[in-house]
Amino acid sequence: MWDRNQMAARAALELEDGMYVNLGIGIPTLVANYVGDKDITLQSENGMLGMGAFPFEGDEDADLINAGKQTITEMDRTAYFDSATSFGMIRGGKIAAAILGAMEVAENGDLANWMIPGKLVKGMGGAMDLVAGVGRVIVVMDHANKHGESKVLKECTLPLTGKGVVDRIITNMGVFDVVEGGLRIVECADGVTEEELRAATEATLV
Amino acid sequence: MKKVYASAAEALDGVLKDGMLIASGGFGLCGIPELLLAAIRDAGTKDLTFASNNAGVDDFGIGILLQTKQVKKMISSYVGENAEFMRQYLSGELELEFTPQGTLAERMRAGGSGIPGFYTKTGVGTVIAEGKDVKNWGGQDYILEEGIFADLAIVKAWKADETGNLVFRKTARNFNPPAAMCGKICVVEVEEIVPTGSLDPDLIHLPGVYVHRIIQGQHEKRIEQRTTRKREEA
């Protein structure tokens, strides 16, 4: 099984030189630590391309935050813009990929990650725009919920963030592609057999 | 053409009305019009609808107007980090029109650009699409979203000249330009008002045509998630 950092490192392999990429909150944020020498420009949907590392203590700037509201820094290549422009480039397909967390993913590529009716109301933020607009949607999440039930489902039970939008799923147990008729196993995580992966997955595997 | 006012209260005098629709700039607590929000609280204006990406936190930003029950409805994409917002919403005291972040920004930009509606693929196949007109182009469904025409826009910028030309700073720009555009009246608070002619005309982010009243003031600029790294990691 992979831990959070190993999942992030695996997700970083999806990124190619020259890509403009949007990383979601949580494990996806860690992907930035594993891009190595690849020339990747990170977009923050609150209005920035070329997102840098967290600032040194004492250098925090209230005017410089990421979409998770964390203080960050700028780079030589950084550009700032307003929210309408930011989502213009997202909706317009200029951002090559988004790496996002999820509550549930279904075998048809449906994604749910914004609310649990009656319980958790956070809002979709920019997730609905991102999954509708970017070139490639990669989900990184734990394979099972805290009750041990598969989050990789035949059908989502929660309100959707996007319908048929997910291209690839990376969990702590393995990697899947959304294909005709269900999910195809791309690889198993370290120490996980294909039998174990199939047994832990509710979705149809083709 | 006098645009500069002495205080937030003076700049909002005669502008505030119960039940009005206010578009506000800001993302989280970054680039929010904190002085104007405090003045609206002090004015006691009621039954307000806010088009704003977030509602601040419990005791800062629009959160202060939730505490005083001055807000009837929010048009927002994200309500996390604000316990009072969630409590009022789940108890039915507060209406909430969930709007995807990019759709909200575009609804403001469209309203300010004389565009009453536009089609977007954001939200297709989700609850956001319910009841909305759908059109298909090239095999892809798009849903109709409406421009926002606000009675008032409240905005935070870094610098203004005396004619209202604005410059924003870093990610504090966010929703401020589209919010400013969609207001019938736009009131702006800035950190510094500079003499007309001292801003480079090529580097103005929002031209003064959108701006009606300006105040200068001291900003707390609270940080929501202070995240740092240690110096030795460099």
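Per chain, numbering begins at 1; letters A, B, ... match sequence-line order.
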Part of [X] lying under 4.5 Å from any heavy atom of chain B:
X	answer
A:Ile90	neither
A:Thr161	backbone
A:Glu74	side chain
A:Ala79	neither
A:Asp110	neither

B:Asn174 side chain to B:Gly26 main-chain N or O, any donor-acceptor pair under 3.5 Å? yes
Salt-bridge criterion met for [X] and [Y] (N-O under 4.0 Å):
X	Y	answer
A:Arg10	A:Glu187	yes
B:Lys69	B:Glu84	no
A:Glu57	B:Lys230	yes

Which answer fits B:Val124, side chain, backbone, both or neither, if we ask what part of it has an atom under 4.5 Å from a heavy atom of chain A? backbone
Among A:Leu64, A:Asp63, A:Ile65, A:Leu130, which residue forms the greatest number of heavy-atom pairs with chain B at distances under 4.5 Å? A:Asp63
Residue from A:Met115, A:Arg91, A:Met48, A:Glu45 scoring the most non-hydrogen pairs under 4.5 Å with chain B is A:Arg91
Would you mind telling me which of B:Ala172, B:Pro100, B:Gly125 has the largest number of heavy-atom pairs within less than 4.5 Å of chain A? B:Pro100
Is the centre of the A:Phe176 ring less than 6.0 Å from the centre of the A:His143 ring? yes
